[in-house]
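Step one of this worksheet: look at the structure below.
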Amino acid sequence: MGFNIYDFTGMTHNMHVSFMEHMSPLMTTIVEWTIIGVCYLLFIALFGLFLVYAERKVCAMFQQRMGPMRVGYWGLLQTIADFIKLLMKELITPKGVDKFLYNLAPFIIMIATFMAMAVLPFAKGLQTLDFDIGVFYVTAVSSIGVIGILIAGWSSNNKYSLIGAMRSGAQILSYELSVSLSLVTMIILAGSMQLSVIVEGQRDAWFIFKGHVPALIAFVIFLIAGTAETNRGPFDLAEAESELTAGFHTEYSGIKFAFFFLAEYINMFIVAAMAVTVFLGGWMPLHFGSLESFNHVMDFIPPLVWFFLKVGGVIFLIMWFKWTFPRLRVDQILTLEWKYLLPINLVNILLMSLVVLTKFHL
Amino acid sequence: MTNEELQAYLTGEFPKAEVTLGKQYVEMIVKSEDLVETSIKLKGMPQLSMDYLFCLTGVDYPEKMQIVYHLESTKHRHVLVMKCDTADRVDPKVDSVREIWRTAKYHEREVYDLMGVHFNNHDDLRRLFLEDGWGFPLRKDYKDEVRIVER
Amino acid sequence: MNGLFEYIKTVFKGVGTLLTGMKITGSYFFRPWKHVTQQYPENRETLKMFDRFRGEVIMPHNENNEHLCTGCGICELNCPNGSIEIISMSVLTEDGKKKRAIDKHIYHLGMCTFCNLCVKACPTGAIIMGQEFEHAVWDRTKLTKVLNLPGSKIAQGVKE
Amino acid sequence: MSETKEIIISTDKIHTDQYLVNMGPQHPSTHGVLRLLVSLEGEVVHHIQPHVGYIHSGIEKMCEAISYPQIIHLTDRMDYLSAHMNNEAVALCVENALQVEVPDRVKYIRTIMDELSRLASHQLWWCVMGMDLGALTTFFYGLRDREHILDIFEETCGARMTVNYNLPGGLMFDIHPNFQKRVKDFLKEFKTKLPEYDELLTGNVIFRQRVDNIGHLTLEDAIAWGVTGPSGRGSGFSCDVRKHQPYSAYPMVQFEEKLDTKGDSFVRYRLRIEEMWESIHIIEQLIDNIPEGDYAVKMKGVIKLPEGEFYQRVESARGEFGVYIVSDGKKNPYRVKFRSPGFSNLFALNKMAAGHKIADLVAIMSTLDLVIPDIDR
């Protein structure tokens, strides 16, 4: 198997062993945590910036523009320049805000994002926490973010922010259901909630192929609901530029605004990564049952590349939605969830159970 | 109705008003006490049905203040220019027609704002564009040394 | 049952219209050579304004530093916002008569609305509209220009 | 409507308060410095009080001090998206007062320019409408096509928006030699682009849900509030000045006045799209038949209007635009009044949007196609 050279399990295990040789167990834990923390921080900062750049370029391409072209080659350093600008901006605290909550909100959103990142399997062995309830954990943690949005909207002492926050609350509460149910559909197929097991289960074929029509429906619903959960267009009611100026983060400036901004993009990454892990085989290469030589060629591409390629594809799809569709109204967004996505989802679970019971998926 | 027919009809219908045939449209000068009554008739009479007020403005003449109403009938497509004079230039008072043509509400506010004409029975007669205490810039005796440069 | 059929139909119809929209944006995404934007400061060499473009008022001079302006002041009269000031002087012609001539044709670019009325009114065609459009300066006083060059005089044979 | 009424009633029982939100003067969807004082009950708009005057520039007062050609150049600055129609209104008013008959060539060119302005204005409206509803890509597609019209304007008139192409008695210049070719090229291209507008936005299920059956304006209200242009015609108010009091070359062309009786946001949207097709149709009839002749009548150096009052109505992109000139025989007018379409249209907003949600308010405001300098003057 040409697969093992890309297995990170040995590497991480060896690192752990060598740390244990030189340090006390407590020290080892602290050092390992620090390394992981720094890695995540760097990843979020750099990948977030890259996503912002990608979004600007992609939207420019949709709109027959060129996008950022000035800073660096094809504007590659543009977002870094923007980030430096945001870092240096004055942190304005408006009159009448609840100072404690106002300052807390960006951190809650950031922390929620970090927590969800913890279980994502980037490649074999490259996963910080491998819970046996990984899927459940992600859905639970990703709904913490809305608390941050609500706090931000309420504490800003701004009517626009409050409306935005309340919209966001209603929206995420409803769409959490669809996300969970579409994941439940896939859990029925996978037979486990542990993300590494789910990925391993897709070694021969991705779940979206294995699960036939129900998996496809679940994927579409997951994409829609996931987009809604990240507050991105066409579901960006909480921000709704033309209605509420900037919604819940109207009053934030400088690095606090950057937190919200970055969290939005990282949330988009998390949704895409979950979609990839559960539906598109995670870091597994694309395999077709009988094409041996094709499968071998695919195996030579490292799993990290596979993972990020798929994530990139899903993110592109989400961006495509945003730059094509108008925004929904707040009652329509709830109609879509309760009248369309939820019933379809429930029927879909039934269908999937039938598929699994009849062993049709094998 | 053509302009001539309209003039003849109006002369018969409103003996107190002064109906003339202008260069473009029929013009009718009504007394300010008859304004509302005439307006109701103009809009209500099926032969006239002047239901569309497309322009309401004021003109500050040296000896009088004149409010000009441009009316059209969407049914018969004839146009009438109704004028209402007030002799008091300093504090002119005219009855409001906002109940008859609803768009007049804001046109009257504009005229009040720029020319200082008070419309009686107007429910919301506040300045529209300018600040309180600005003066009435479209009056001919308006002077503003700072902002207006005479050439 | 009919209701269910309708329901499914609306779902598919809705998704269909969404896909139509995505087809349009997608078709442009995958045709990046169809970009319509220009890279402005980079294309300065190739960027040419239309010859009627009204960028500023200029007074052309010939190679002998002569212009066509008689200093009649019609442009000043026609200017709606006072951006032209004519300072005229009287000069002695060769046959000893006094004649009005232009001393300074002052043009306030900052006040100009580029309406073309001065150019239209000029009886001798002394002023025309230039195509220069980059007028940003650091100091507002630089927007006040004297259009006739120093030492210039009226060309031979120009009559009022 | 019935749904929203129920909401209001039910909130009465819980005893909630309305709260006031200032939309504007700096707000992305008011397209300028308009302030709407909106009283809300939750998401539902209860009452809208527009506050205008943030860019009131006193054009009517300025006009009393300047001559007629100079007035024309000021009208560019009112409704800058239909600058040519505003120009034409003043020019026509002066010509009618002096009883000057302009050559056919002038009429043809003016009409073509009018319709090009209308196209450009509607294109900008379309892209802004999409943007207000959150579809940001429409903004660039609309501007992309509008760019060609602005190029045509720039080549012939010398300016892109504040064209100032009319003078009393004719035009500022003759058309550029490239004009006809450019217009025809543009029309050919735009005819392929206009169906894309429909595919991208008109058919879109989200868009349809946002505008269908929203913001009803009855025929009676439209007439009473003086709502003209496509907004009024959406309610069945036949108010096209081009039809009822034709000017320039409009009597010579075939075109339809698009009317609908439903009066909701979508109808107002659809009528503007249809008007674009109509404009293309009008230009196509005229562009090849521009007669030879002078581009202006020789006028006196100083234009003085006879004593009296003159009114001229034209159909601008937003509705009926009127110029009322009172002359006392001098070279300056005694009084000038501009009847701007946006002014009347804006104040019908409360009628349309009360009882709907904030998001609908934005959509309804977009369909009214407001230009703030046009309202404030």
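Throughout, a chain's letter reflects where its sequence line sits, starting with A, and its residues are numbered from 1. All values below were derived from every heavy atom in this structure, side-chain atoms included, with hydrogens, water molecules and symmetry-related copies excluded.
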- Message: What verdict does the side chain to side chain contact (heavy atoms under 4.5 Å, CB included) test give for D:Thr156 and C:Phe50, after you've listed the backbone C-alpha separation in whole Å, the side-chain angles of each residue and the deciding distance to 0.1 Å?
- Response: CA-CA 9 Å; D:Thr156 288; C:Phe50 293 112; over 6 Å; no

- Query: Above 12 or not: heavy atoms from other molecules or residues under 6.0 Å from NZ of C:Lys145?
  - Reply: yes

- Task: Would you indicate whether C:Asp139, at its atom CG, is surrounded by more than 12 heavy atoms from other residues, nucleotides or ligands within a distance under 6.0 Å?
- Result: yes

- Query: Out of D:Phe173, D:Phe140, D:Phe207, which one racks up the most heavy-atom pairs below 4.5 Å with chain C?
  - Reply: D:Phe173

- Message: So does C:Arg52 get a backbone contact from the side chain of D:Glu155, meaning a donor-acceptor N/O pair under 3.5 Å?
- Response: no

- D:Asp151 versus chain C, heavy atoms under 4.5 Å apart: side chain, backbone, both or neither? both

- Item | Proximity of residues 102-120 of chain C to chain D, residues having a non-hydrogen atom under 4.5 angstrom | C:Thr113, C:Cys115, C:Asn116, C:Leu117, C:Lys120

- Note on the structure: Under 4.5 Å to a heavy atom of chain C? For D:Leu167 that would be side chain

- Item | Side chain / backbone / both / neither for D:Tyr165 at chain C, heavy atoms under 4.5 Å | neither

- Going by heavy atoms in the side chains, are C:Tyr28 and D:Thr137 under 4.5 Å from each other? no

- Query: Can you say whether D:Arg208 sits under 4.5 Å from chain C via the side chain, the backbone, both, or neither, judging by heavy atoms?
  - Reply: neither

- Of all heavy-atom pairs between C:Arg54 and D:Asn164, which one has the smallest distance, and what is that distance? NH2-CB, 3.8 Å

- Are D:Met62 and C:Asn81 side-chain neighbours, meaning at least one heavy-atom pair lies under 4.5 Å? no

- Query: Hey, which of C:Asp51, C:Thr17, C:Leu19 has the most heavy atom pairs under 4.5 Å with chain D?
  - Reply: C:Thr17

- Does CZ belonging to C:Phe5 count more than 12 external heavy atoms closer than 6.0 Å? no

- To the nearest 0.5 Å, what is the distance between CD (D:Glu196) and OG1 (C:Thr25)? 10.0 Å

- Message: Heavy-atom cut-off 4.5 Å, strictly under: side chain, backbone, both or neither for D:Val302 against chain C?
- Response: neither

- So with a 6.0 Å cut-off around NZ of D:Lys184, is the heavy-atom count from everything else above 12? yes

- Between chain C and each of D:Thr162, D:Asp76, D:Ile175, count heavy-atom pairs under 4.5 Å; write down the option with the most. D:Ile175

- Of the backbone (N, CA, C, O) and the side chain (C-beta and beyond), which part of C:Lys23 lies under 4.5 Å from a heavy atom of chain D, both, or neither? side chain

- Query: Are there more than 12 heavy atoms of other residues, nucleotides or ligands under 6.0 Å from atom CZ of C:Phe12?
  - Reply: no

- Note on the structure: Note: vs chain C, highest number of non-hydrogen pairs under 4.5 angstrom among D:Arg144, D:Met172, D:Arg77, D:Glu147 is D:Met172

